[in-house]
Every structure is written in C-alpha cells, then in structure tokens.
Number of protein chains: 2
Amino acid sequence: MIPSENRLAEEYGVALATMRMALKQLVDEGLLDRRRGTGTFVKQPAFRADLFRFFHVHDVDDSDIPVIPESRILNCQEVPLPPEVQKAFGADSARHCIKLERVRLWSGEPMLFEEVYLRLPDFEELLSLNLKAVGPLLYPVFLEKFGILISSATDELSFGIATEISAKQLELAPEAPVAVIQRIARNPAGRVIEFRRVHGRPERFRYRVTLGDQPA
Amino acid sequence: MIPSENRLAEEYGVALATMRMALKQLVDEGLLDRRRGTGTFVKQPAFRADLFRFFHVHDVDDSDIPVIPESRILNCQEVPLPPEVQKAFGADSARHCIKLERVRLWSGEPMLFEEVYLRLPDFEELLSLNLKAVGPLLYPVFLEKFGILISSATDELSFGIATEISAKQLELAPEAPVAVIQRIARNPAGRVIEFRRVHGRPERFRYRVTLGDQPA
DNA sequence: TAAGTCTAGTTCTCTAGAGAACTGGTTGAC
DNA sequence: GTCAACCAGTTCTCTAGAGAACTAGACTTA
C-alpha cells in the first residue's frame, strides 16, 4: 500500500487533482490498484499465463478447460550462442547462454520437445537450481526466482522434420514431419529474454490464439 | 469533427473538466481523436489488418515486409448452415449462410484454400456483388460495403489431410497432409461474424503472431 | 507572389476544492 | 458475546477556472 493521494500530493507539492491524474495513469498501465475506501496498492505484475501457453489441449469432451501438460526437464547447461539465438538476442548479448531441453507430455505421451535458450548472466543461477522442483510453467519461475517478467512473445509456426533428438524424444521415426514453433519472448521493455524452438507431434497438435480486442 | 469541449460542456450542462474526462475516456477507447489546436474528431475504426493476416510470408531476403498473397475467388453462394458453423454462430443464427471459396496464391503458386462462412441476412448483398472487384483482404470489404468491423478473432491451428477440393486447388495429392486453420471472427460486441476453415500447403507454411503487450 | 505576423479557436496541464461513496475498525447497547 | 451504529480515512465524481501550447487561417508587408 502506498500513501493516500492527499499525502502524496502534499509531499510532492502538487495539487490533489494532479496527483489523481498521475495515479489514474499508473492504474491504466496496470501498475497500481486503487480501492475506494481502502487505499492504493502496487499491483504485482501478474502476467496472463493463458496468453503464453500454446498447445491448448482440450479434453475429449471438448470442454474449454485447458490442460497443462506434464513437464520433464532433460538438460540444462551453458552452451555457446547459436547464430539464430544471437540474432534474436541482439548485439549486446554475451557469447554464451543457457540451453534447457525438456519434453512435455500429455496423458503420459510425449507431445512437445522444447529447446529453450536463456540469456547469461541473467539466468546464471538456473544452473545450480534444483530442476526437479521446477513446475510445468517456466515464466512464473522467471518472475519468482529472477524477478524477470515476460510480457510479450512472438510465435512463428511452421512445418518441418524432426531432428535426431526430437525424433527420439517424441518417439517418432527419424525425419518424421513435426510442427515447429519458434518463440521470441520479451520483458516489458522489449528486451528479448528467451528464444525457444519447439517440435511437436503433428497428429494431435493444436495451437489456439485470440487476436485483437477480447470481447467482454 | 465534433464541437469543442467548451460548446459540448455548455450544451450538456456539465462542467468543462467533466466533459474533458468524458472525452478522454472515448479517446482511450479509440473512438475519438483529439488534436491540440485543431479539434476533436471521430476516429474511424481502422482495424489492424496486420493483426488478422496469418500467413506472413516474408521475402526470401528475410526482410520484414509481409507480402499479401494474390486472391482468387472461386465461388460464392448460399448454403445450408453446416453444424460446426451453427455452433460458432450460436442459437440466433439463420438456417442458411453464405459460403465463399477462394484460393490465395503467392508468386503464382497456390498456398491457401479458404472456405469462408458468413451470416445471413447480414451479407445478403455479397451474392450480387462483383467478386472480381474484391481485393485480397476481406475485412476491409466488410467494413466498407457492410459497415461491419472485425475486431477480434480466434485462430486454431492444427494438422490434417486435404479434402478432395482442397487437394485439387492446392495441387496436392489426394489426402496429402495440410496445415489447417480454423478462425472465428467477431465484431466489437463479441458477435461471431465469420467462420473460416483454411487448408495450407505445409512446406512453406508460416503463421506468425505476437502475444501480450506490444513493446513500444 | 511569397513570406512572415497576428489572432481566434482549440486542446492540454495544472490548481483548488466540495460532497458523495465506500471501507475497516472502534465503540456502545443489549 | 453479538450486533448495530458511528467515525476517520480513503477514493470517486464533479465543479470552476487560469494559463500554456498549439493550429489553421486571415492579414500584412516586401
């Protein structure tokens, strides 16, 4: 909770109405939350997990409840920056990064194989973290352990063929067709935080997204 | 252009500041545009074409200029409402709808085959329209000819196999694998305006989307 | 004609404050 | 102990207005 508009206006030497306008702006930006009769609170930036979760698997009965697949982390190590990741991270990037490999399963069956590239030194501590304790969603971990908020991402979907490792992890024949998702995720300042390449089993693959102004 | 805040406040019998707040709200909602020293204008609801254009084909040199594929309309007729379209349109729908079939080409090669379902009687006039004159983008036509604005859409991507007609139009073997996009498009009130099913040639298929708050 | 100046009209930012609406806690009556 | 009434503190909505910033067009001048 922050001081009342009265106190703040006095403290900063501006009129009450001016302070109100400033506070309203911060509310519009989603940084503050005001409750009449109670006070003004800093809003913790709760990112919309549903926005960033592709692979909206729906239950067989077609209910609208998305299921979060189980997650199995295979690997997490420091690697030299691959060129396409370099391109996404930009010129100010370090020469190494973290590469995290994991498989996501649904009803026990492997559905997605993910290669996640993360900036160093930002995510240095991830190497010493207990990966067993990491839940199925990465972005909440980024926020809680590293204070890094993912607020936007660009996905690009296409078709391709499985690599040696993705074929093995997805239990597919070598060079089988797969869905390919490439994601670039950013913090609110627009800095690229993560580069991700995902291979998915094609036959049950689904990607759902809503564009534009969500109707109320 | 609408009257000045001074005149409006007088006319409606409210204080100037109150009218200003009201106007600001309308600006925030994207309905008005105010220019200092000039006046206040109603903003025509220019929908973001780039938001709704899947198949962001990029040039071979990987420049970021999206290319709009050429469009060839095959068919436009009244048909009974298929069940999945009925489900999307909801209970208040008529028993018939318009079905529009078209192929979209890039560099002369067919890339997408689209089946577009539109509400009747809203789009009645489309049947008598000269389809040759319709440009490659449908939504601007909806806005200009019918006054219907598409403001949001939900896309669902998956994999499937070509139908008889889509295989023919895409010059693929029967039952070849294709990319499937299903779209439900809505007006600002949330009413479903369009149901669309698209088949795409998989090998050059790309779907790009940005989620969350776009960085400035 | 061309360029600069002026002016009425507009929006933008800020001040100063009154009263309503609402909340959470305290007090008092039973 | 329980419930109602009260109260201080908060945000919300609205009023009334001054002065700055800016624009488009009219006017003047070379």
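None of these values were measured; they are calculated from a predicted model. Per chain, numbering begins at 1; letters A, B, ... match sequence-line order.
Along DNA chain D, the stretch of nucleotides lying under 4.0 Å from any heavy atom of chain B spans, 5' to 3', D/dC14 to D/dT23.
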field: A/Asp155 and B/Tyr207: CA distance, side-chain angles, deciding distance, side chain to side chain donor-acceptor pair (under 3.5 Å) verdict
entry: CA-CA 8 Å; A/Asp155 284 354; B/Tyr207 180 100; over 6 Å; no
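Between B/Lys145 and B/Leu129 there is a side-chain heavy-atom pair separated by less than 4.5 Å. Put simply, the side chain of B/Leu32 reaches to within 4.5 Å of the side chain of B/Ile2, judged on heavy atoms.
A donor-acceptor contact under 3.5 angstrom links the side chains of B/Ser152 and B/Arg186, judged on distance only.
A search for side chain to side chain donor-acceptor pair (under 3.5 Å) contacts involving B/Ser71 returns B/Arg102, not counting sequence neighbours. Residues that satisfy the side chain to side chain donor-acceptor pair (under 3.5 Å) test with A/Asn75, not counting sequence neighbours, are A/Glu101. Applying the side chain to side chain donor-acceptor pair (under 3.5 Å) criterion to A/Thr40, with sequence neighbours excluded, gives A/Arg34. Listed by chain and residue number, nothing satisfies the side chain to side chain donor-acceptor pair (under 3.5 Å) test with A/Arg72 (two or more places apart in sequence, or in another chain).
In the helix from C/dT1-D/dA30 to C/dC30-D/dG1, the rotation axis of the first five pairs and that of the last five pairs differ in direction by 0°, rounded to 10 degrees.
Ring orientation note: the planes of B/Tyr139 and B/Phe142 are tilted relative to one another, at an angle of 30° to 60°.
For DNA chain D, none of the residues of residues 22-33 of chain A falls under the heavy-atom distance limit of 4.0 Å. Within residues 6-14 of chain A, no residue approaches DNA chain D, by heavy-atom distance under 4.0 Å.
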Which atom pairs, donor and acceptor, lie under 3.5 Å between side-chain atoms of residues 93-100 of chain B and protein residues at least two apart or in another chain?
unit_1  : atom_1 : unit_2   : atom_2 : d
B/Lys99 : NZ     : B/Glu115 : OE2    : 3.4

List, one per line, each side-chain donor-acceptor pair under 3.5 Å for residues 116-123 of chain B, sequence neighbours excluded.
unit_1   : atom_1 : unit_2   : atom_2 : d
B/Arg119 : NE     : B/Val192 : O      : 2.7
B/Arg119 : NH2    : B/Phe89  : O      : 2.9
B/Arg119 : NH2    : B/Val192 : O      : 3.3

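With rounding to the nearest 0.5 Å, the separation of CZ in A/Arg208 from CD in B/Glu156 is 4.5 Å. Here CD of A/Glu109 is found 9.0 Å from CG of A/Leu105. Values are rounded to the nearest 0.5 Å.
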For nucleotides 7-9 of chain C, list the nitrogen or oxygen atoms of the protein found under 3.5 Å from its nitrogen or oxygen atoms, one pair per line.
unit_1 : atom_1 : unit_2  : atom_2 : d
C/dG9  : N2     : B/Gly37 : O      : 3.2

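The stretch residues 10-24 of chain B participates, sequence neighbours left out, in these side-chain hydrogen bond (donor to acceptor under 3.5 Å, both in side chains) pairs: B/Glu5-B/Arg20, B/Lys24-B/Asp28.
Mapping B/Met1 and B/Ala17 onto DNA chain C by nearest heavy atom places B/Met1 closer to the 5' end of the strand.
Counting any heavy atom pair closer than 4.0 Å across all strands shown, B/Arg20 reaches a base atom.
A salt bridge links A/Arg104 with A/Glu114: the closest approach of a Lys/Arg side-chain nitrogen to an acidic carboxylate oxygen falls below 4.0 angstrom.
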